[in-house]
**Student:** 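Quick one: the structure is below, questions incoming.
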Amino acid sequence: MNPLPKRRMSFYEKYIKRVLDVTCCVLALIFFWWVYLIVALLVRVNLGSPVIFKQPRPGLVDEEGREKIFLMYKFRTMTDERGDDGKLLSDDARITRFGKMLRATSLDELPETFNILRGDMSIVGPRPQLVRDMVFMSERQRMRHTAKPGLSGLAQIKGRNSITWESKIEMDLKYIKKVTFLKDIKIVLDTAKKVFIRSNITQSNNEIDFTLDYGDALLNNGIVSQDEYDKKQSEADKLLVKMNC
């Protein structure tokens with residue numbers, strides 16, 4: 001993929017944001033380590049091993065302007081059930097009631113704290129999408145990767161899975177235009193409120209939304225052809241092989 005141009009970062013984003021990220025994560029681990037332990041034990045009992053689910057995601061671009069692929073950590077929410085053909089069943093067929101509860105409360109995302117400590121992520125920023133989503137993005141859309149991906153972001157508080165892919169990406173691009181402390185604080189507070197509301201709604205109807213991958217959405221809407229889709233999927237596979245993911 002073509003390298004992206006550099007984006008000018010604010011003093012806060014370049015120097016202060018990382019300090020706040022590390023401080024908040026260390027405090028979270030000190031005071032809430034027992035929550036991590038309890039959830040890990042419950043995952044082990046309900047879903048088995050491995051407790052942690054790892055998945056390659058595109059992160060902040062490097063000095064050459066290309067996305068760095070990193071492994072994002074989450075608590076496992078699905079089984080490894082396979083069909084007669086040996087392939088994994090669909091996500092909605094493999095997620096359990098316990099897994100739905102983890103997602104509804106966002107407890108499955110607790111291990112991302114370690115991604116933040118490693119420097120792969122931030123508390124606030126564009127949510128890290130799949131590599132197979134990235135390859136379908138235009139160069140302009142990929143500019144979202146000139147900011148460190150976040151645990152939550154503007155798109156998550158403005159609609160999450162209820163808005164289109166295009167709207168999500170536009171929200172990310174809007175966020176990176178000017179990253180400020182006050183904007184980040186507002187997103188954190190709105191995220192906490194959204195998690196509480198989403199948890200209550202999901203527990204009442206016992207449903208989880210599974211959003212189509214970006215490429216699948218483009219294919220379904222006739223924006224890309226099957227040939228273009230297959231080429232992009234192959235490109236994503238090659239990127240993952242190159243990154244040893």
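Residue numbers run from 1 in the order of the sequence given. Every heavy atom of this structure was used, including side-chain atoms; hydrogens, water molecules and symmetry mates were not.
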**Student:** Looking only at heavy atoms, what is the nearest atom pair of Ile163 and Ala155, with distance?
**Tutor:** CD1-O, 4.0 Å

**Student:** State whether the side chain of Lys17 and the backbone N or O of Val124 hold a donor-acceptor pair below 3.5 Å, judged by distance alone.
**Tutor:** yes

**Student:** From Leu20 CG over to Ile116 CD1, what is the distance, rounded to the nearest 0.5 angstrom?
**Tutor:** 12.0 Å

**Student:** If you round to the nearest 0.5 Å, how far is OG of Ser152 from CG of Asp190?
**Tutor:** 9.0 Å

**Student:** Determine whether the side chains of Ser225 and Asp227 contain a donor N or O and an acceptor N or O closer than 3.5 Å.
**Tutor:** no

**Student:** I'd like to know if Ile38 and Phe32 are part of one continuous hydrophobic network [Ile/Leu/Val/Met/Phe/Trp/Tyr, side-chain heavy atoms within less than 4.5 Å].
**Tutor:** yes

**Student:** Is a donor on one side and an acceptor on the other found under 3.5 Å between the side chain of Asn115 and the backbone of Leu71?
**Tutor:** yes

**Student:** For residues Val224 and Lys232, determine if any side-chain heavy atom of one lies less than 4.5 Å from a side-chain heavy atom of the other.
**Tutor:** no

**Student:** So which heavy atom on Leu151 is nearest to which on Arg127, and how close?
**Tutor:** O-NH1, 3.0 Å

**Student:** Applying side-chain contact (heavy atoms from CB on, under 4.5 Å) between Thr113 and each of Leu29, Asp21, Val26, report the one that passes.
**Tutor:** Leu29

**Student:** Do Met9 and Tyr15 sit in one hydrophobic cluster, given that two such residues count as connected whenever their side-chain heavy atoms are within less than 4.5 Å of each other, even indirectly?
**Tutor:** no

**Student:** Between Leu239 and Glu67, does a side-chain contact (heavy atoms from CB on, under 4.5 Å) hold up when you go through it step by step?
**Tutor:** CA-CA 10 Å; Leu239 278 173; Glu67 290 86 346; over 6 Å; no

**Student:** Measure the spacing between CG of Asp133 and NZ of Lys168 and express it to the nearest 0.5 Å.
**Tutor:** 8.5 Å

**Student:** Can you find a heavy atom in the side chain of Ile123 that is under 4.5 Å from one in the side chain of Asp184?
**Tutor:** no

**Student:** Going hydrophobic residue to hydrophobic residue with side-chain gaps under 4.5 angstrom, can you get from Trp33 over to Ile30?
**Tutor:** yes

**Student:** Quick check against the 3.5 Å criterion: does Arg94 have a side-chain atom that pairs as donor or acceptor with the backbone of Thr79?
**Tutor:** yes

**Student:** Okay, side chain of Arg7, backbone of Thr146: is any donor-acceptor separation there less than 3.5 Å?
**Tutor:** yes

**Student:** On a heavy-atom basis, which atom in Leu107 and which in Pro111 lie closest, and how many Å separate them?
**Tutor:** O-CD, 4.3 Å

**Student:** Minimum heavy-atom separation for Tyr36 and Leu110, please, with both atom names.
**Tutor:** CE2-O, 3.4 Å

**Student:** Say whether, by atom type as modelled, one donor and one acceptor occur between the side chain of Arg82 and the main chain of Leu89 under 3.5 angstrom.
**Tutor:** no

**Student:** Nearest 0.5 angstrom please: Met121 CE to Cys25 SG, how far?
**Tutor:** 9.5 Å

**Student:** Measuring only between side-chain heavy atoms, which start at C-beta, is Asp120 closer than 4.5 Å to Met72?
**Tutor:** no

**Student:** Would you say that more than 12 heavy atoms from the other residues, nucleotides or ligands in this model lie under 6.0 Å from the NZ of Lys183, or not?
**Tutor:** yes

**Student:** Can Gln226 and Asp230 be counted as having a side-chain donor-acceptor contact under 3.5 angstrom?
**Tutor:** yes

**Student:** Is a side-chain N or O of Arg57 found less than 3.5 angstrom from the main chain of Pro128, in a donor-acceptor match?
**Tutor:** yes

**Student:** Write down the atom of Val179, the atom of Tyr175, and the distance for their closest heavy-atom approach.
**Tutor:** CG1-OH, 3.3 Å

**Student:** Hey, is the main chain of Lys87 close enough, under 3.5 Å, to the side chain of Asp85 for a donor-acceptor pair?
**Tutor:** yes

**Student:** Is the side chain of Arg76 donor-acceptor paired with the backbone N or O of Ser49 at a distance under 3.5 Å, no angle test?
**Tutor:** yes

**Student:** Please check if the side chain of Arg66 supplies one atom and the backbone of Met1 the other of a donor-acceptor pair under 3.5 Å.
**Tutor:** yes

**Student:** Among Gln129, Gln141, Arg132, which residue satisfies the side-chain hydrogen bond (donor to acceptor under 3.5 Å, both in side chains) criterion with Tyr214?
**Tutor:** Gln141

**Student:** Which is it for Asn46 and Thr96 under the side-chain contact (heavy atoms from CB on, under 4.5 Å) test, yes or no, and what are the steps along the way?
**Tutor:** CA-CA 9 Å; Asn46 285 275; Thr96 65; 5.9 Å; no

**Student:** Give a yes or no answer on whether the side chain of Asn221 reaches the backbone of Ile223 with a donor-acceptor pair at less than 3.5 Å.
**Tutor:** no

**Student:** Within this structure, what is the CD-CZ distance for the pair Gln55 and Phe70, rounded to the nearest 0.5 Å?
**Tutor:** 10.0 Å

**Student:** With a cut-off of 6.0 Å (strictly less than), are more than 12 heavy atoms of other residues, nucleotides or ligands near CZ of Arg18?
**Tutor:** yes

**Student:** Identify the heavy atoms of Leu60 and Pro149 that sit nearest to each other, and give their distance.
**Tutor:** N-CD, 3.8 Å

**Student:** Would you check, one step at a time, whether the test salt bridge (charged side-chain N to carboxylate O under 4.0 Å, His left out) holds for Arg103 with Glu109?
**Tutor:** CA-CA 8 Å; Arg103 290 196 182 188; Glu109 297 184 2; over 6 Å; no

**Student:** Taking the side chain as C-beta and beyond, is there a heavy-atom pair between Met78 and Leu88 under 4.5 Å?
**Tutor:** no

**Student:** If hydrophobic clusters are built from ILVMFWY residues whose side chains come within less than 4.5 Å, do Leu102 and Val45 share one?
**Tutor:** no

**Student:** Are Phe98 and Val43 close enough that some pair of their side-chain heavy atoms sits under 4.5 Å apart?
**Tutor:** yes

**Student:** Are Met171 and Leu130 connected in the hydrophobic side-chain network, where two residues link if heavy atoms are under 4.5 Å apart?
**Tutor:** no

**Student:** When you check the gap from the basic side-chain N to the acidic O, do Glu170 and Arg140 get nearer than 4.0 Å?
**Tutor:** yes

**Student:** If we only count heavy atoms from C-beta on, is the Val19 to Val22 side-chain gap below 4.5 Å?
**Tutor:** no

**Student:** Between Tyr229 and Asp216, is any pair of side-chain heavy atoms under 4.5 Å apart?
**Tutor:** yes

**Student:** Side-chain contact test, heavy atoms from C-beta onward, threshold under 4.5 Å: evaluate it for Phe53 versus Thr77 and give yes or no.
**Tutor:** no

**Student:** When rounded to the nearest 0.5 angstrom, what is the spacing between CH2 in Trp165 and CD1 in Ile169?
**Tutor:** 6.5 Å

